[in-house]
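Before any comments, here is the structure.
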Amino acid sequence: MLRITGGKVYDPANGIDGVVKDLCIDDQGLFVPAVEGGRTIDATGMIVFPGGVDVHTHVAGGAINFARAMTPEDHRRTQAFIRTKSRRSGLGGMAPTTFATGYLYAGMGWTTVNEAAVPVLSARHTHEELADIPIVDKASLTLMANNEILLDQLEKGEFERAKQVLAWYLWSAKSYGIKAVNPGGVAAWKYGHDAKQLTSPIDGYSKLTPGVIVTHLARICDELGLPHPVHLHCNNLGAPGNISTTIDTLKHLEGHRAHIAHSQYHAYGGDGWDTMCSETAQLAEYFNAHPSITTDAGAVLFGDTVTITADGPWQHLLYKLTGRKWGNLDVENETGCGIVPYTYRPSNLVNAVQWAAGLELLLLIKNPWQVFLSTDHPNGGCFWRYPEIIELLMRADVRKESLLKLPDGIKGKITLPEIDREYSLYEVAISMSAGPARALGLFQKGNLGLGCDGDVVIYEEDENVRKMFGHPRYVIKGGEIVLEDGEIREAPSGREFIVKPPCDPGIDDFMRPLFEDCYTMSFENYPVEMERIHNPRMQDCIEVPR
Amino acid sequence: MQKSKFLPRGRKDRTMVLVDIRETKSAKAADIFLQVRPGKDFELITILRALIKDRQVSDQAIAETGLTREVIDDLIRRMKGAKFGCVFFGMGLSMTRGKHMNSAALLTLAAEMNAFTKFVAMPMRGHGNVTGADVIMRWQTGYPFGISFSRGYPRYNPGEFSTVDVLVRGDCDAAFIIGADPGATMPQPAIDHLKRIPTIVLDPHVTHTSKLSRVHITTAPQGIAAPGTAYRMDELPMPLKPALKSPYPSDEEVVRRINEAIAKKPFWLPDGSQPQMLNAQV
Ligand SMILES: [Zn+2]
């Protein structure tokens, strides 16, 4: 039991904007009106937020683990966590180890993370890694937009069947929702091609286009009532002039819920690397006119990182552009992945545009409930650098100073210099917690209301925004004080959120022959067993209004 | 063999080329067998890298590999003509003259082939669940093997912290061995050190290592009498379902019980005697 008294509370889910108010958490780790006994934290003069929620990150599974193997030189120079009685050892850096991932997230007040890209075939592996990430609660999304069995149903126009196939895969993976990466493009990449036009048929299909996949996945997620809508990584990531593809994609989503991943990478004008510029104003305008669509920024920070994405063809291009290490994974007929270490430099015009574009989206999309803090960790920068982004959002003068480091050629390519908006603490709380929790359909998260999970972060008020958000005074997870005075005190294991969509029992008989034709493992062994999930929490499906 | 949209006839639509220094049993399964001269792997790979880019290579350089220009040209034509090429490589490449340089050259060849068609390369791993150990060490420590925890956090240096090097130097004063038989394969100085120190072995069988160990705990064989997970060479995890019952505990249970017993003892370092974190490693 825990009582937090005297703090200035920011709880956007309940419209509370900096009100001094007490919070109580019971033995179940939930907010209650009052408790008897237990510890009291005197938060007088401090700032109280709901624990952070990361809507899009890559912290577990085959791809990030491949990245760890590819970057021993980074492990060697990075932060090291020394083993203590309550804590395992580990390494931070570009691709932190699992235990360190939990300590680093909790260390800056984040208590829930969503692993955004899991192939069903490696779901078993991903769940094992997620179990080894302490403290934070977790959810994971299944990659579906390049799954050949599903695409075949869509090609044939068998919509109901496609819905059942998707539900079967989702439950086999024991995941929380659906991720679509470069629809059709990753399937085409198996044979060295890509899918760039929303309305052109995909290699090997006569009618199926990326646009068809996008629309149908969104509709399936709505009809199944998944708490999180389709989570979409659009076609043509990173390419100059891709704004037209992105807007076209958004039009294919009309009438449905959707979350657009890392929009920054999809908001470019120009027709080549020399002419590439930011088109965030156009994209933000679309979001401002369509309140049912959410996005995360996928902001870029200057420095070293490693890029990992299921977008295999893009990674091959990045390898050719940089000449650095390249790892490629193909996951049978389901999806693929590429890994390339990368350094974002302010002196590089393309990188400078990317840096500005991420911030522009966060500032130009007016409703903070629509755009969330993310770096697409580790792609645009590491998650433990979020406090730097918060500072850039809250302080126009810091942005102005950073703009001075960009090359002269940036003039006319970005709109950031003209933007004066500064985030308030209330808006930061939406962007890092309440907003992403709502978009994920995790109604018990990012919310300090009665009955919600007792996840809280308490900051010492400080003029230095970066320091304040980087070093919380207390972090509370499920009513347990996990961080105090800058040190991890407890490292309880987190839970995993899982959804069981309604599924026709006859689908097994339909899947079996198709499966046995092309998969290299047995049908019975494919679905992840429920016993393998560490602390599972079933989240109910919802009724999505048409 | 599995079929796919683009290879509807399964094996018949695939071509397998075997490159080895002698004609092994695998040659029968292959469509084409190429016998390369021992120790000339690096040269052959380099020639392939040059020829795919239409660079000139002398007849003499080709002759040294033991293959003819016609054979190599045919191989390149097939490689470029493939829809999806995959090179599997093993210890014959990575443990012979040139070692990691051979692997690096082959990986570069595979990467460069992507200028023409889809191409990948994948190492063939050793026996048992070596990939699984590698995968888990990576997510827990960042490194696949050759890790030292002597400073309280993972450090990596193959050649210094690899099992064989630690044993040969006599750096460790105890050994805990699960599901491996170093007593059968390691050099004599390493085996001598294992005999000298308390060596504990978990193994379903009597092995060379179990014979020289101080303690041998018989465990249930994984996948036969104990459940678990084995990672395939392509890093996909396969669940193991036991077909038989065993009177012996699983490796996992033994390790868990040892861990629980250790947890009851006072922590090895006094509180506050060490920093929790290092910002830059030394
Ligand atoms: Zn991502």
Side-chain angles (χ1 to χ4, degrees), chain A residues 60 62 64-66 68-69 71-72 75-85 87-93 95-100 103 121-122 124-125 128-129 132 148 152 189-193 204 316 319-320 326 328-333 487-488 517-521 525 528-529 532, chain B residues 1-8 10 83-84 86 107 110-111 114-121 132 134-144 149 151-158 229 231-232 234-241 263 266-269 271 274-282:
Chain A
I64 187 85
N65 215 29
F66 202 99
R68 291 183 187 114
T71 54
H75 303 331
R76 195 162 292 225
R77 66 183 179 209
T78 192
Q79 213 177 21
F81 288 82
I82 293 172
R83 189 196 129 154
T84 68
K85 201 169 168 58
R87 225 183 53 192
R88 307 274 301 258
S89 68
L91 299 172
T97 59
T98 49
F99 307 124
Y103 309 141
L121 269 167
S122 53
R124 202 173 256 110
H125 168 181
E128 289 191 0
E129 275 199 42
D132 269 353
E148 287 180 10
D152 288 348
W189 169 243
K190 295 275 158 61
Y191 299 92
H193 303 135
H316 179 237
Y319 151 73
K320 286 197 290 184
W326 172 42
N328 176 81
L329 297 168
D330 291 287
V331 187
E332 297 199 6
N333 50 351
E487 283 190 8
I488 300 281
D517 237 14
C518 59
Y519 274 85
T520 60
M521 72 186 288
N525 284 341
V528 178
E529 306 84 343
R532 284 183 179 257
Chain B
M1 187 175 276
Q2 266 60 29
K3 296 170 196 144
S4 75
K5 186 186 302 298
F6 296 95
L7 307 170
K83 292 189 191 118
F84 189 144
C86 184
L107 295 175
N114 282 274
F116 311 100
T117 184
K118 182 67 182 285
F119 234 88
V120 297
D134 180 307
V135 164
I136 294 176
M137 291 310 279
R138 257 152 53 201
W139 86 53
Q140 296 201 340
T141 72
Y143 304 119
F149 293 96
R151 288 188 188 162
Y153 64 88
R155 286 181 303 148
Y156 174 61
N157 202 10
T229 311
Y231 279 75
R232 228 163 55 176
D234 56 357
E235 301 198 349
L236 290 186
M238 299 290 131
L240 300 176
K241 295 177 179 168
F267 189 57
W268 60 299
L269 284 169
D271 245 6
Q274 282 250 321
Q276 282 209 346
M277 196 189 288
L278 296 177
N279 280 321
Q281 292 175 52
V282 277

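Reminder, nothing fancy here: chain letters follow the sequence lines and each chain counts from 1. Quick caveat: nothing in here was measured; it's all calculated off a predicted structure.
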Which pair of heavy atoms, one from [X] and one from [Y], lies closest together, and at what distance?
| X | Y | answer |
| --- | --- | --- |
| B:Pro154 | A:Gly90 | CD-N, 4.0 Å |
| A:Leu121 | B:Pro237 | O-CD, 3.9 Å |
| B:Tyr153 | A:Phe81 | CB-O, 3.5 Å |

- [ ] Using a cut-off of under 4.5 Å on heavy-atom pairs, state which of A:Glu129, A:Met521, A:Arg532 scores highest against chain B.
- [x] A:Glu129

Which answer fits [X], side chain, backbone, both or neither, if we ask what part of it has an atom under 4.5 Å from a heavy atom of chain B?
| X | value |
| --- | --- |
| A:Asn328 | side chain |
| A:His316 | side chain |
| A:Asp132 | side chain |
| A:Glu529 | side chain |
| A:Tyr519 | backbone |

What part of [X] gets closer than 4.5 Å to chain A, counting heavy atoms only: side chain, backbone, both or neither?
| X | answer |
| --- | --- |
| B:Ala263 | backbone |
| B:Thr141 | backbone |
| B:Phe116 | neither |
| B:Pro144 | neither |

Rounded at 0.5 Å granularity, tell me how far [atom1] in [X] sits from [atom2] in [Y].
| X | Y | atom1 | atom2 | answer |
| --- | --- | --- | --- | --- |
| A:Asp330 | B:Lys118 | CG | NZ | 3.0 Å |
| B:Ile136 | A:Glu128 | CD1 | CD | 6.0 Å |
| A:Cys518 | B:Leu7 | SG | CG | 12.0 Å |
| A:Ser122 | B:Arg232 | OG | CZ | 11.0 Å |

Task: No-hydrogen, no-angle side-chain donor-acceptor test under 3.5 Å, B:Asn114 and A:Lys320 - done: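 A:Lys320 and B:Asn114 do not have a side-chain donor-acceptor pair below 3.5 Å.
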
Open item on the list: Between B:Met137, B:Lys83, B:Arg138, who has the most heavy-atom pairs with chain A when the cutoff is under 4.5 Å?
Closed with: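 Between B:Met137, B:Lys83, B:Arg138, the count favours B:Arg138.
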
Task: Aromatic ring proximity, centroids under 6.0 angstrom, B:Tyr143 and A:His75 - done: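 Under 6.0 Å, so yes.
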
